[in-house]
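Below: one structure, written as structure tokens.
Order of appearance sets the numbers: ligands from 1, and atoms from 1 within every ligand.
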Amino acid sequence: MKPIQIAIDGPSGAGKSTMAKLLSKRLGVMYLDTGAMYRAVALKAIRMGIDTRDREKVCEILPDLDIKIEYKDGNQQVLLDGEDVSGLIRTDEVSMGASNVSAIPEVRKKLVELQQKIASNNNVVMDGRDIGTHVLPNAQVKIFLTASSSERARRRYLELQEKGLLTKTFEELKQEIEQRDYNDSNRAASPLRQAEDAVLLDTSNLSIEESVDRIISIIKEKVGSDVL
Ligand code: DC
């Protein structure tokens, strides 16, 4: 049987990874967070003192780039040169760096190949920016998940506050989110776009539970209830 592929795209902070993780548990399929791969490239560049906007210099690290995805207790771990960097790639510095390196076509080519290889033999739910448009153009289910920038900043604010990591104001977080939206949507290489056959889901006024329920009904509609 053809592997089941579910693509979830959308801007930063729309809840893609929360949704994808819940779906992967509920459907028993593999979850691949593709943003983590761009983050790992950014971390490597930052560690080497390379400006993440410097295409030539970033390209120099690609031939030896060693990124692997492993699963421990059902959670994705990103290994960079054999080191688990899953926690280290979540800083604001790496977020902005990832947005920068993701605009470099050579970086995208390398990571998309890796993502397609992982998806080829597995049932997957993948989240990113170009999954429905480029990585898995034949995915049976494509969701474009979005929410207003204020709502996304509010969620990020609460998340940081809960973790005791709040160092920025709500306005600053909102501005950062809008800057990343702008970068991701306006780059030349695979900009953030809703695939023509993707279903748009705005979660600004939906709880996590309501959002998952909506996605489950979209999946049922597209591939039938026997997968659930
Ligand atoms: O989803 P995220 O915030 O972890 O992604 C980090 C950056 O990587 C984000 O700025 C956009 C980029 N990205 C991308 O261009 N394509 C993907 N498939 C996933 C992420």
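- Given atom 16 (N) of ligand 1, the protein heavy atom at minimum distance is R108 NH2, 3.1 Å.
- Residue-ligand proximity, S99 to ligand 1, at heavy-atom distances under 4.0 Å covers atoms 10 (O).
- In this structure, a donor-acceptor pair under 3.5 Å is absent between the side chains of S190 and R129.
- For E178, the side-chain hydrogen bond (donor to acceptor under 3.5 Å, both in side chains) partners two or more places apart in sequence, or in a different chain, are S149.
- When only interatomic distances are considered, the shortest N/O to N/O separation between D127 and ligand 1 does not fall below 3.5 Å.
- For M37, the heavy-atom gap to ligand 1 stays at 4.0 angstrom or more.
- The protein atom (non-hydrogen) at minimum distance from atom 19 (C) of ligand 1 is T34 OG1, 3.3 Å.
- Among A36, G128, A103, S102, the residue whose heavy atom lies closest to atom 12 (C) of ligand 1 is S102.
- Of the polar atoms of Q115, none of the N or O atoms is found under 3.5 Å from an N or O of ligand 1, judged by distance alone.
- Applying the side chain to side chain contact (heavy atoms under 4.5 Å, CB included) test to Q194 and every residue at least two apart in sequence or in another chain returns F144, A198, L200.
- Residue R39 has at least one N or O atom closer than 3.5 Å to an N or O atom of ligand 1.
- By the rule that hydrophobic residues join a cluster once side-chain heavy atoms approach within less than 4.5 Å of another member, L136 and I219 end up as members of separate clusters.
- Shortest contact from atom 8 (O) of ligand 1 to any protein heavy atom: Y38 CB, 3.6 Å.
- Within a 6.0 Å sphere centred on CD1 of I208, heavy atoms belonging to other residues, nucleotides or ligands number 12 at most.
- Atom CD of E60 is surrounded by more than 12 heavy atoms from other residues, nucleotides or ligands within 6.0 Å.
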>> Walk me through whether V135 and T34 qualify under side-chain contact (heavy atoms from CB on, under 4.5 Å).
In response: CA-CA 10 Å; V135 183; T34 62; 5.8 Å; no
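- Considering both main-chain and side-chain atoms, S12 never comes within under 3.5 Å of ligand 1 through any nitrogen or oxygen pair.
- If you look at M96 next to ligand 1, there are no close heavy atoms at all, none under 4.0 Å.
- Close contacts between ligand 1 and D184 involve ligand atoms 9 (C), 10 (O), 11 (C) [criterion: under 4.0 Å to a heavy atom].
- Across every non-hydrogen atom of V212 and M19, the tightest pair is CG2-SD, 3.6 Å.
- No more than 12 heavy-atom neighbours from other residues, nucleotides or ligands sit within 6.0 angstrom of CD on E221.
- Of the polar atoms of D130, at least one N or O is found under 3.5 Å from an N or O of ligand 1, judged by distance alone.
- If you check which protein heavy atom lies closest to atom 7 (C) of ligand 1, you get A98 CB, 3.7 Å.
- The residue from R155, R152, R214, K16 that alone fulfils the side chain to side chain donor-acceptor pair (under 3.5 Å) condition with T203 is R155.
- Looking only at protein heavy atoms, the nearest one to atom 1 (O) of ligand 1 is R129 NH1, 2.9 Å.
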